[in-house]
Amino acid sequence: MKITLKDGSVKEYENVLSVYDIALDISEGLARAACCAKIDGKVADLRTVVDRDCELSICTANDEEGLSAIRHTASHVLAEAVKNLFPDAKLAIGPSIDTGFYYDFDHEAFSREDLDALEAEMKKIIKKGEKLEKFTLPRAEAIAFMEERREPYKVELIRDLPEDAEISFYRQGEFVDLCAGPHLMSTKGVKAFKLTSSSMAYWRGDSDKARLQRIYGTAYNKKEDLQAHLERMEDAKRRDHNRLGREMELFTTVDVIGQGLPLFTPKGTKMLMKLQRWIEDLEDKEWGYVRTRTPLMAKSDLYKMSGHWDHYKEGMFVLGDEEKDKEVYALRPMTCPFQYFVYKNTQKSYRDLPYRMSETSTMFRNEDSGEMHGLTRVRQFTITEGHLVVRPDQMVEEFKGCLALAKHCLTTLGVEEDVTYHLSKWDPENREKYIGEPEVWNETEQHIRNVLTELQIPFVEDVGEAAFYGPKVDINARNVYGKEDTMITIQWDALLAEQFDMYYVDQNGDKVRPYIIHRTSMGCYERTLAWLIEKYAGKFPTWLCPEQVRVLPISEKYEGYAAEVVKALRARDIDAEADNRSEKIGFKIREARLARVPYMLVVGQQEEEQGLVSVRSRFAGDEGQKPLAEFIGQICEEIRTKTIRKEEVQEETK
């Protein structure tokens, strides 16, 4: 058989060999470094027997797949350690993830002391260097095997597999786990690891199922890489919007109000208002949108017409019971069907299109409690939602325009380099999830593909991530912990106009179905605020700051002049406060730095006599004395242009 290697060279063998044996034949060094392989592009275990011509790539820790195999093996070492120290714990699942690995256990909560003890036990297991041996069993025998070991979650997983399935296991010494692999050849391959945290998780992510305890960890091939990761995680904790947003008094949550229902304090509210005013002015004055205001709820009839009742009811807050009540209402999870009726309010001709509607829309989604996190996933949120009703011949250009608006928003916020673009497609294997015929889906997906290619926007394609009525572009970003969230969405809809009997009158007087673009320009306000908190570690661009200037009189004698300075600043719509506390000026400056205020204006006798202010900034430190009018002109220009000044000095913010 002929084996084509990653470098294009070809090896020929008369007998079948395992991937590991082939790696060993190439070089002992490669065999020692090998973690897994890819056979014709598919990830495979090192124990996999190669019995045909193929393309073979040996993966090491330098490859994503190889690092994943190290982490997957580390999760099995963790599971063995837990069973050694806590024999009554039941095993659930333990995959590798982008940032490391986790394993879920049916057990009481693990303390930091427990994690430290588990780390020590894992080191003992690794030192033994037990080989990982793969074996398979028929489904019935596999069930009996795990029942004998009293692992009910493994039994449930096996029962969900086809009756004729061969079930694979990995053994390391006395420990055995249900697993498809791939894994390292020995536990000694786990060279640098750390258990980072533990938390509650639901079995299979379902809040109606058992509550489990999840232990998170990470693993690398080198201690230096592990240390760098841990330092990144420490920085992530400092930037975590959940901690920093509360510390900066931007938002809070209260148990008696409910999970996923944040309260925004005056500072956080001011930031949201600035974002909203900017977006609304941008859309209405520069991008040709009309603004709508629609109800927060509607009868179930509306959602049945749109298809959301059949495809999305479980994610909605329903008010009433269809079996008991004459009318059932639901809080809206989207705005599209409401805006369709705004469009239908008057007859439109081809000359009226495109008809671009936008709304600052508050919406409600019944998220599982285990899925909610800070401001990134909540049950009530507000988005910059819009719907463009267009002629088919306008669709491509209008879709490009929506992408251009989204990119403009990202650039203004300073996050354009932090996003990835995804073409979210339908899944033809799951037809019940979608409406419309395959031909429509294939055509619309190709249109989006062509647009992204023409605009030279790099993108990946995700099967099964489309809305039930059309494909979309999702613009995603990762939070400080590496989890990816969708920030902006632009959807191509060639189907819902039919369901709502939407039309326009063409040049010949005929009624024609329009196309619809569903889009956000900036996205969800709550999620965007979380993103900005983490991006800037609370040091926001001046135009977004809830407090842009703090005036610091050096003594109470100059409080009057400080008040005049504040008044002059506020007259130009600059958010300014005075710190009149009886504290030393050095203390006041440090306090302003800790509050991440962009500008501090120190005022004393000379400043009052000459109409000056002594400027200290977050960006350049001491900027010297300036006439008040000059400073006002400079900061107004910075705010107007939404300039993002580079931080030239590192201020203490601990």
Side-chain angles (χ1 to χ4, degrees), residues 99 109 112 196-201 214 216 231-276 362 364-365 367-383 413-415 418 477-485 487 522-548 550 575 577 579 581 588 590-598 618 647 650-654:
T99 55
R112 182 65 246 182
T196 53
S197 64
S198 64
S199 65
M200 188 274 291
R214 176 172 295 177
Y216 285 99
E231 290 173 1
R232 287 195 298 271
M233 289 299 98
E234 283 302 309
D235 182 60
K237 289 178 183 178
R238 288 191 289 270
R239 291 174 177 268
D240 186 340
H241 81 275
N242 242 332
R243 182 191 69 81
L244 196 52
R246 287 174 168 83
E247 178 186 298
M248 295 183 68
E249 299 180 3
L250 300 178
F251 73 94
T252 187
T253 52
V254 181
D255 287 343
V256 74
I257 292 175
Q259 192 178 9
L261 299 171
L263 297 173
F264 289 95
T265 60
K267 291 181 180 178
T269 301
K270 183 166 284 188
M271 290 188 69
L272 294 175
M273 289 172 62
K274 290 182 179 187
L275 288 170
Q276 181 177 338
T362 297
F364 308 85
R365 294 185 183 172
E367 301 281 2
D368 290 336
S369 58
E371 293 294 317
M372 286 182 288
H373 174 70
L375 299 180
T376 58
R377 194 169 291 275
V378 292
R379 285 175 169 156
Q380 176 182 308
F381 58 95
T382 302
I383 68 172
L413 294 173
V415 294
D418 303 333
R478 294 185 183 276
N479 67 16
V480 289
Y481 297 108
K483 184 181 181 300
E484 192 169 67
D485 289 306
M487 310 308 296
M522 181 193 69
C524 169
Y525 284 91
E526 290 82 357
R527 188 172 288 182
T528 298
L529 180 56
W531 189 13
L532 294 173
I533 292 171
E534 295 183 351
K535 165 75 175 181
Y536 293 105
K539 294 181 177 180
F540 307 109
T542 301
W543 73 275
L544 265 178
C545 287
E547 183 183 0
Q548 295 163 327
R550 187 173 294 183
D575 291 308
E577 301 288 342
D579 184 350
R581 291 177 297 171
K588 291 182 180 182
R590 286 193 298 274
E591 288 283 289
R593 287 174 179 169
L594 287 169
R596 300 169 177 81
V597 179
R618 217 179 53 206
E647 302 278 343
Q650 297 297 316
E651 302 288 7
E652 180 63 50
T653 57
K654 294 182 181 178

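Everything numeric here is computed off the predicted structure, so don't read it as measured data.
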Open item on the list: Any carboxylate oxygen within less than 4.0 angstrom of a Lys/Arg side-chain nitrogen, looking at D235 and R238?
Closed with: yes

Open item on the list: Measuring only between side-chain heavy atoms, which start at C-beta, is E526 closer than 4.5 Å to F264?
Closed with: yes

- [ ] Please report the closest heavy-atom contact between Q380 and L261, naming both atoms and the distance.
- [x] CB-CD2, 3.8 Å

Open item on the list: Looking at D575, is its backbone amide N or carbonyl O close enough to the side chain of Q548 to form a donor-acceptor pair, meaning the two atoms are under 3.5 Å apart?
Closed with: yes

TODO: Compare all side-chain heavy atoms of T376 with those of K483 and state whether any distance is below 4.5 angstrom.
DONE: no

Open item on the list: On a heavy-atom basis, which atom in R379 and which in E367 lie closest, and how many Å separate them?
Closed with: NH2-O, 2.9 Å

- [ ] May I ask you to test the M522-L275 pair for a side-chain heavy-atom distance under 4.5 Å?
- [x] yes

Task: Set of residues satisfying ring pair (Phe, Tyr, Trp, His ring centres under 6.0 Å) with respect to Y216, sequence neighbours excluded - done: Y102

Task: Shortest non-hydrogen contact between R239 and K535, atoms and distance - done: NH1-O, 2.9 Å

- [ ] Among residues two or more places apart or on two chains, list those pairs meeting ring-ring contact (aromatic ring centres under 6.0 Å, His included) that have a residue in residues 232-262.
- [x] H241-H373

TODO: Grab the two heavy atoms, one from V480 and one from A236, that are nearest each other, plus how far apart they are.
DONE: O-CB, 3.4 Å

- [ ] Kindly say whether Y525 contributes a backbone atom to a donor-acceptor pair with the side chain of T382 at under 3.5 angstrom?
- [x] no

Open item on the list: Can a donor-acceptor pair be found, under 3.5 Å and without considering hydrogens, that links the side chain of R590 to the backbone of K588?
Closed with: no

- [ ] Starting at CH2 of W531, measure out to CG of L413 and round the result to the nearest 0.5 Å.
- [x] 7.5 Å

Open item on the list: Let me confirm one number: the NZ-CG distance from K237 to N242, rounded to the nearest 0.5 Å.
Closed with: 14.0 Å

Open item on the list: If I take atom CD1 from residue I533 and atom CG from residue L250, how far apart are they, to the nearest 0.5 angstrom?
Closed with: 5.0 Å

Task: Inter-residue atom distance T196.OG1 - M233.CE, 0.5 Å rounding - done: 8.5 Å

Task: Check: R618 side chain, R596 main-chain N or O, donor-acceptor pair, under 3.5 Å - done: yes

Task: OG1 on T362 to CD1 on I383, rounded to 0.5 Å - done: 9.5 Å

- [ ] Provide the closest heavy-atom pair for F381 versus R365 in the form atom of the first, atom of the second, distance.
- [x] CZ-NE, 3.7 Å

Task: Shortest non-hydrogen contact from R581 toward E591 - done: NH2-CG, 3.6 Å

Open item on the list: Would you compute the distance between atom CZ of R112 and atom OG of S197 and round it to the nearest 0.5 angstrom?
Closed with: 8.5 Å

